[in-house]
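Presented below is the structure to which this report refers.
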Amino acid sequence: MNTYYWSNRNRFLSHLRFATALLLAGFAVVFVSAPTPASARDQVPFRAAFGTEVQIEFVYPFFYISVTGQGNASHMGATTAVTDSQVVNVIDGTATATYTLTGANGDTVILDMIFQTTFLPNNAVTFEGTYTVAGGTGRFYGATGSGDLAGSAFITGPNTAIGSFSVAGTISSPGHNR
């Protein structure tokens with residue numbers, strides 16, 4: 001009986017070792033095939049420019065701004081730019097926004113922006129600051145990058161404006177993000 005016990009135990013341990021090795025190999029396949037964010041060496045120039053229509057709500061001391069824009073972006077072609085989260089502090093001119101850029105094929109790039117506004121006496125405002133790429137979809141899944149932004153707007157009514165802005169910097173190379 002003693003031989004039977006050791007024989008079955010060794011057979012069980014052999015199956016357990018095989019199952020463990022198979023499980024570890026499965027995990028390795030999952031991690032190797034998972035999309036990874038692009039590294040800094042994959043950065044390429046990124047530029048975009050947009051004409052915009054602006055909706056404004058004022059609740060002291062903040063302007064809450066929604067923007068829709070049309071333009072062109074590197075690696076995306078004809079592109080829309082949309083935000084409903086732009087906030088401007090009228091006391092110190094600081095502002096933040098998160099924009100979604102959508103290319104004609106549906107791929108998106110998310111830009112987090114921090115900028116400084118300057119209110120001018122002729123119902124105009126200028127702004128400049130920086131952007132950080134916070135990801136995207138399609139070819140831009142996991143995208144990274146950063147750069148500068150600048151723009152202006154002209155107040156056309158009590159809650160409306162028209163304007164333009166552009167960004168120039170880098171984005172992780174399209175196609176390296178999958």
- Task: Please lay out, stage by stage, how I56 and I155 fare under the test side chain to side chain contact (heavy atoms under 4.5 Å, CB included).
- Result: CA-CA 10 Å; I56 307 164; I155 309 301; 4.1 Å; yes

- Check the pair T80, Q70 against side chain to side chain contact (heavy atoms under 4.5 Å, CB included), reporting the backbone distance first and the verdict last. CA-CA 5 Å; T80 60; Q70 301 292 323; 3.3 Å; yes

- Any chance you could lay out the side chain to side chain contact (heavy atoms under 4.5 Å, CB included) test for N123 and F154, step after step, and finish with the verdict? CA-CA 6 Å; N123 290 334; F154 180 76; 4.1 Å; yes

- Task: Start with the C-alpha gap between Y99 and F165, add the side-chain angles, then the distance that decides, and say whether ring-ring contact (aromatic ring centres under 6.0 Å, His included) holds.
- Result: CA-CA 12 Å; Y99 275 80; F165 76 93; 5.0 Å; yes

- Message: Using the rule given for side chain to side chain contact (heavy atoms under 4.5 Å, CB included), can you reason through T130 versus L149, listing the C-alpha separation, both sets of side-chain angles and the distance that settles it, and then say yes or no?
- Response: CA-CA 5 Å; T130 60; L149 68 95; 5.7 Å; no

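Cluster membership for F127 and F62, using ILVMFWY side-chain heavy atoms within less than 4.5 angstrom, is not shared. Cluster membership check: V133 shares its hydrophobic cluster with V44, using side-chain heavy-atom separations under 4.5 Å among Ile, Leu, Val, Met, Phe, Trp and Tyr. Criterion: ILVMFWY side-chain heavy atoms under 4.5 Å apart, direct or through other members. Under it, V59 and I65 are not part of a common hydrophobic cluster. The same ILVMFWY cluster, assembled from side-chain heavy atoms under 4.5 Å apart, contains both V90 and V125.
Y131 and M113 get closest at one heavy-atom pair: CB-CG, 4.1 Å. The two residues Q116 and T94 have their closest heavy-atom pair at OE1-CG2, 3.6 Å. Considering every non-hydrogen atom in both F115 and T96, the closest pair reads CE2-C, 4.3 Å. The minimum heavy-atom distance linking A134 with D112 is given by the pair CB-OD2, 3.5 Å.
With S164 contributing its side chain and G151 its backbone, the two residues share no donor-acceptor pair below 3.5 Å. A side-chain donor-acceptor contact under 3.5 Å links T137 to the backbone of T108. Between the side chain of S74 and the main chain of R47, a donor-acceptor pair closer than 3.5 Å is present.
You'll find the side chain of L120 reaches within 4.5 Å of the side chain of T126, heavy atoms only. By the 4.5 Å heavy-atom criterion applied to side chains, T79 and F50 are counted as neighbours. Annotation: side chain of Y64 is in contact with side chain of V87 (closest heavy-atom distance under 4.5 Å).
Of the N and O atoms on the side chains of T144 and Q43, at least one donor lies less than 3.5 Å from an acceptor on the other residue.
Distance check, rounded to the nearest 0.5 Å: CZ of R139 to CG of N105 gives 6.0 Å.
Using cut-offs of 30° and 60° for the angle between ring planes, the Y60 and F58 rings count as perpendicular.
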